[in-house]
Amino acid sequence: MTPPISAIIAKQFVPRPATGNWRTALYVIAAAVALHSPSAAQPHNAVPHNDVPYNAVQIAATVTLMSADSSQSVVVEERIWDVPLGKRFSAFLANMSLELLPKDLDSQRLEITVFLTTIGSRPDSRNKRFTMELELPAFIGRIRGKNGATYRLRLVPQKFTSVDLSGCEYDHRDSGSFRIDPTANFDLYYARNTLGDYHWNKVKELLEQDYRSYRDAFDFNMTGKLHYYLYPCASPTLAWDPRFGYAIDPARSQAQVIYSHGYMGASPLVATLTQTLRISGYAPPFLAEGISSYFYFHDYEVLRALRNGKLLHLHDLLTTRQYYQADPLLATAQAGSFCRFLADTYGVSRFRKLYQASDDLTIAGNFPELYDGADIDALENQWIVYLKKMHPAKSRFSKRASLEGAANNLDVAISVLQEGLRWDTTFADTLSTLKLLAPLYTQTGKYDLALKTNQALFDKSRPTSGRKSFFLLRVAYLSALTGEFTRSREAYDSLERIDSLRLESVDYGRARLLAFESDTAGAIAAFDTFLNKNPGAVATVESALLQALLLGVPGTYQDTARSRRKYEQAYKSAVFLVNNAQTDPLNRFRQGMAEIGLGKYEEARQNLDIALFLEFRHRQLGRELVGLGNLADLLGNRQEALAFYHRADSLDQSVPGQRQIQRYINEPFTFGAR
């Protein structure tokens, strides 16, 4: 499961400065803070009452379950929401999909219309309008549950408050907010010019594979498609799950996830959970979320927690309130691992009976009835024995890492694969895991680990392996990034001897290495030689950009006319690359840098903004921020430039990158005389 949204808000993966026309798109995640500080912002359209601005009401919602004979009751869920006045607010609570429509009457009274539909084979629907005073409750009772049990919904408007309605105006009920692309099992919705717009195909592939496997394994008759919305921010008209940033409506077969730079919540678990609830009805989340993550390989987290003595007791997770009060990552992992153990060990049909019979009052007692007298503690002991004997298949680690990588949880993907290394028993398995780890280390700026891993892959690969020279090329590149220039040069020399098909990469790498070593004359000459060989478009644009930069620096080797010609050469190749891959951030960056050199500042700003918006690799983010800093310097905006450089400094930890950034921090970027 995606890391909890509270952790992401506290420390976003890549904070991005707002620039140009992409300001809203770059900062849309900021609205998610409303999940944890809902009354912090004063909206521009607040309604004044007694000189206190407000446009929302804080509502406390409580669902209580009562047994059929009324002898037992338990509070299932309690939530507090800031609900905008005059707008429909959607929530999923216990076994019911809710819509609330509040309207204020005066400073102490309001009218609330409640639309309620339960899930399961016999849905119960209610529409009710209340005129209420603040702090006084309203009730909807005898809502049908399982086996004659009933639920009661209690709503208390606690106070008028305010929410920021301007930061996230997307609403899936508004036909103009989202575009749609259908897939086999989903109608996938995204807003224009957001990450969902660019990544919807990637999300589709992420969802479909897991969804089909789950449907087939449990023989679910899933009629109709799931409506899956990629929200770029936390809309104030939805009750977002405070753990993982999703909002579901099983009764209407809808799921909404936050999909932005700060939080990519497009997990396949949200889809399988929504459809499980829609088809099978409500069960406590220990069972519902547990079985919905059957294919997610939660054993990875559980094995590590078991080794470290940090497992939670399962009897403390059974009811809804207990589950939601526990550590979210560990609770969902243990639920997923345990439910898979039950299904695999005792059969899917027995688990179905447990699910169908269980609510918050009966779940604990259902285990002995269905599992040969074994209560939850006895089954937990069986599960732990099973875990201790487990030797997970390698494919489970690689698939989980792939899912995390697709959701841009790269540090989680690294952790999964590092755990997988502990279980690799053959030389071939270890090599396979290292091959998956190496690019992740590079993408997250862990260059020392990336270098060590690629060197190990080179050393361990067979001499006849076609990949051996590739690993040596990575060693040469990463050695330059870590400042080991001699080692980099030696690697290029070795590569030239063992693989004549990589001579273009060797020539380019050597020329770039000279630039990194501040051998300006040597680098300019080497790039001339290289470009005269007519390399491919990527090598051409990268080489021409570096050479143009060197020729534009005031001093002995400055040649403004040649510098401009090189920028023109780079621009031509960059435009070709962008036309063939519109959403590749690296191509946008290349075109933007060429446009800076040609004085096309507005076009450069747009392309660099788009590149920054789409990019996630640490060093490349740093390069894009440096480019924006260069542009700000050329426009005379020194403070803006310094802000970009300082942000780049925290991302690009390579030795050449650090040297370049510090140079621009100390002295503004300039081309000299133009």
Trainee: Identify whether the distance between the nearest side-chain nitrogen and carboxylate oxygen of Lys399 and Glu404 falls below 4.0 Å.
Mentor: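 Judged by the 4.0 Å cut-off on N to carboxylate O distance, Lys399 and Glu404 do not form a salt bridge.
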
Trainee: Check the pair Thr442 / Arg474 against side-chain contact (heavy atoms from CB on, under 4.5 Å), numbers first and verdict last.
Mentor: CA-CA 10 Å; Thr442 302; Arg474 301 305 295 172; 3.7 Å; yes

Trainee: Can you tell me if Arg400 uses its side chain to pair, donor with acceptor, with the backbone of Phe297 under 3.5 Å?
Mentor: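 Answer holds: yes.
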
Trainee: Determine whether the aromatic ring centres of Phe286 and Phe338 lie less than 6.0 Å apart.
Mentor: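 Yes - the distance between ring centres of Phe286 and Phe338 falls below the 6.0 Å cut-off.
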
Trainee: Centroid separation under 6.0 Å, is that true for the rings of Tyr664 and Tyr645?
Mentor: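 Close enough - the centres of the two rings lie under 6.0 Å apart.
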
Trainee: Is a salt bridge present between Arg623 and Glu542, judged by a nitrogen-to-oxygen distance below 4.0 Å?
Mentor: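 Salt bridge present between Arg623 and Glu542.
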
Trainee: Do side-chain atoms of Ser415 reach the backbone of Asp411 as a donor and acceptor pair under 3.5 angstrom?
Mentor: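 Absent.
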
Trainee: Would the Phe458 and Phe471 ring centres measure less than 6.0 Å apart?
Mentor: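 When the ring centroids of Phe458 and Phe471 are compared, they turn out to be at least 6.0 Å apart.
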
Trainee: Are Arg619 and Asp652 within salt-bridge range, i.e. N to O under 4.0 Å?
Mentor: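 Asp652 and Arg619: salt-bridged.
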
Trainee: Should Arg605 and Glu603 count as an ion pair when the cut-off is N to O under 4.0 Å?
Mentor: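 So Arg605 does not pair with Glu603 through a salt bridge.
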
Trainee: Measure from the side-chain N and O atoms of Tyr477 to the backbone N and O of Leu472, and report whether any donor-acceptor pair falls under 3.5 Å.
Mentor: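 Not at all, since once roles are kept as given, no pair shorter than 3.5 Å links the two residues.
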
Trainee: Indicate the ring-plane relationship of Tyr231 and Trp240, choosing parallel, tilted or perpendicular according to the 30° and 60° boundaries.
Mentor: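 Perpendicular: the ring planes of Tyr231 and Trp240 meet at over 60°.
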
